[in-house]
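Worksheet: one structure, shown below.
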Amino acid sequence: MFAYYFKLGLRNLRRNPALTALMVLTLAVGVAASVSTLTILHVMSGDPIPHKSDRLIVPLIDNGQLQGYAPGDKPDDDQISYRDAMNLLASKQGIRRTAIMGTGGAIEPERKDMPSFAATGLAPTRDFFAMFDVPFLYGQAWSEADDRAGADVIVLSRKLAEKLYGDVNPVGRRVRYNGFDFQIVGVIERWNPIPRAHRIIGKGAFDDEDELFVPMASATRHEWFNNGSTSCYDDRGPGYQAWLDSECTWIQFWFELNTVADRPALQHWLDAYAAEQRKLGRLKRNAPNKLYDVMEWLAYQKVVGNDNKLSAWLAFGFLLLCLVNTIGLLLAKFSVRAPEVGVRRALGASRREIFHQFLTETAVVGLAGGVLGLLLAWGALALIALQSKQLSLVARMDWTMLLTTFVMAVAAAMLAGLLPTWRACQVTPALQLKSQ
């Protein structure tokens, strides 16, 4: 019987085509708005490195000043001082460790027809590439010896390498960056594991694809200052060594643990380290030391903020408005079929059978709206991806998301069709036969 009602519903799509088109379009727009918002939130709140995100840990040590501090206050900065970063690198905790600093400057191309231009990137330690599964197109990461010596070596993004050298392997060539010549040791494949809002590595990092990477030791050797939110100078006055010795919070740090079970031991070590630094007079605040894995860090950074959640609620509110409009359209569509219902009732059809028939027809309308809504959502996401340069956004609409689209559309249509269907079932056969 369901198959018969389904075929009947498909035929009835051609009845009152203008009214049917309005219903399908109304549902499609509401579903497209909701699905697009859900997809974006899914991408933003998803696990960027699912196979190891619970083993990548950010330590947070509060090295702010006592002035104006009250127990329970958040740290002044989400990063740590250079001195703490160096101590944590030497700690041998975890299987990998990396300290990361942002960098930026001018690239001076070899080509005479290309003027100098600005480029931004990161100055990490070598373990960064293995920790975050950075894929290489050419070459490889610099060596541990380069890390220790602060060698002038550089890894380029594929985009920057193609801009400078075209579609060739530039490994071994030299590029002038920030007034110094760097030897190219690798080119990474197009890689941005974190969508624009995730900011997994510090403020500003991964907002877009980083263009280059140089050793942190090289950046500090060349005195590339990277001032944080606190003072970067001590009592000896301004200067590079003062910057290194100060509590300038502008270094992001990550541990990679062998197993999740190693986290309590790392917490114990961090607490002991902070206690030792307090005895030395470096850390002023007696604040708890925190450890965050990737997902906890994204939550702490409020990657999916209240404004994004509000957008989701607004999208569902818009879907609700579309449902209200659909109810009105279905009432109009079903009201003109009262004579048909009267004849069917007179021939022995029960109210339950009439209800099943009309509700199935409503589901067919919802299915048509879902197909159109999916196409509209796909187009909207493609446009957003093009504008934000996150071309993988559309690809995040997996089978679960596609199934959700159809379920949402059919469920919405059936919900909207409950009242019109119930009204249709209340038709009195005798009155309809008499009027006909």
Side-chain angles (χ1 to χ4, degrees), residues 77-79 82 98-125 128-129 132 134-139 141-142 146 150-229 232 238 240 243 248-252 385-391:
D77 207 314
D78 295 336
Q79 301 174 80
Y82 177 86
T98 185
I100 308 161
M101 185 173 71
T103 183
I107 293 282
E108 301 176 38
E110 295 177 350
R111 293 165 48 184
K112 302 302 182 183
D113 61 331
M114 181 181 293
S116 299
F117 59 89
T120 60
L122 297 177
T125 52
F128 167 85
F129 299 97
F132 293 99
V134 180
F136 276 82
L137 177 65
Y138 303 118
W142 53 78
D146 291 334
D152 287 342
V153 291
I154 192 169
V155 171
L156 304 180
S157 69
R158 178 172 183 170
K159 180 179 178 181
L160 181 57
E162 290 178 348
K163 182 176 181 179
L164 291 172
Y165 304 105
D167 193 17
V168 296
N169 183 356
V171 172
R173 302 179 69 167
R174 305 191 73 84
V175 61
R176 192 163 182 81
Y177 175 60
N178 251 350
F180 299 92
D181 289 327
F182 285 81
Q183 183 177 10
I184 301 171
V185 295
V187 175
I188 67 169
E189 187 54 272
R190 290 187 176 91
W191 170 78
N192 190 4
I194 318 301
R196 179 177 297 273
H198 269 174
R199 300 183 308 169
I200 185 174
I201 302 180
K203 297 180 179 178
F206 284 3
D207 282 357
D208 207 342
E209 183 181 4
D210 292 298
E211 297 177 287
L212 53 87
F213 304 82
V214 299
M216 173 177 279
S218 177
T220 55
R221 182 170 60 83
H222 291 309
E223 304 187 8
W224 293 348
F225 295 115
N226 207 343
N227 295 348
S229 63
C232 290
Y240 178 63
W243 180 83
C248 179
T249 53
W250 198 237
I251 307 295
Q252 181 64 231
L386 188 62
Q387 293 293 325
S388 62
K389 299 180 182 179
Q390 295 293 334
L391 299 180

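- Here the closest non-hydrogen pair linking Val214 and Trp142 is C-CH2, 3.4 Å.
- Under a 4.0 Å N-O distance rule, the pair Arg174/Asp152 does not qualify as a salt bridge.
- Under the rule for a ring pair (Phe, Tyr, Trp, His ring centres under 6.0 Å), the partners of Tyr177 that lie at least two apart in sequence or sit in another chain are Trp224.
- The closest side-chain heavy-atom distance from Ile251 to Gln79 is not below 4.5 Å.
- The ring pair (Phe, Tyr, Trp, His ring centres under 6.0 Å) contacts involving residues 156-175 comprise nothing, where partners must be two or more places apart or lie in separate chains.
- Side-chain contact between Ser218 and Phe180: absent, with no pair of heavy atoms (C-beta onward) separated by less than 4.5 Å.
- The distance from atom NZ of Lys159 to atom CG of Leu212, rounded to the nearest 0.5 Å, is 12.5 Å.
- To the nearest 0.5 Å, atoms CZ (Phe136) and CZ (Arg158) are separated by 14.5 Å.
- Considering all non-hydrogen atoms of both residues, Thr98 and Pro124 come closest at OG1-CB, 4.1 Å.
- Between Ser116 and Glu108, the closest heavy-atom pair is OG-CG, 3.6 Å.
- With Thr120 contributing its side chain and Gly104 its backbone, the two residues share no donor-acceptor pair below 3.5 Å.
- Of the inter-residue distances, the one linking Thr103 atom OG1 with Met216 atom CE reads 10.0 Å to the nearest 0.5 angstrom.
- Atom CE of Met101 sits about 10.0 Å away from atom CG of Leu122, to the nearest 0.5 Å.
- Below 30°, between 30° and 60°, or above 60°: for Phe213 and Phe128 the angle between ring planes is between 30° and 60°, a tilted geometry.
- Nearest heavy-atom pair across Asn178 and Gly105 is OD1-CA, 3.1 Å.
- In terms of heavy-atom proximity, Pro170 sits nearest to Ala161 at CG-CB, 4.2 Å.
- Atom CD of Glu211 is separated from atom CG of Leu156 by 10.0 Å, given to the nearest 0.5 angstrom.
- Legend: residues meeting side-chain contact (heavy atoms from CB on, under 4.5 Å) with Phe117, ordered by chain and number and at least two apart, are Ile107, Pro109, Met114, Leu160, Lys163, Leu164.
- Listed here is the closest heavy atom pair of Ala141 and Val185: C-CG2, 4.5 Å.
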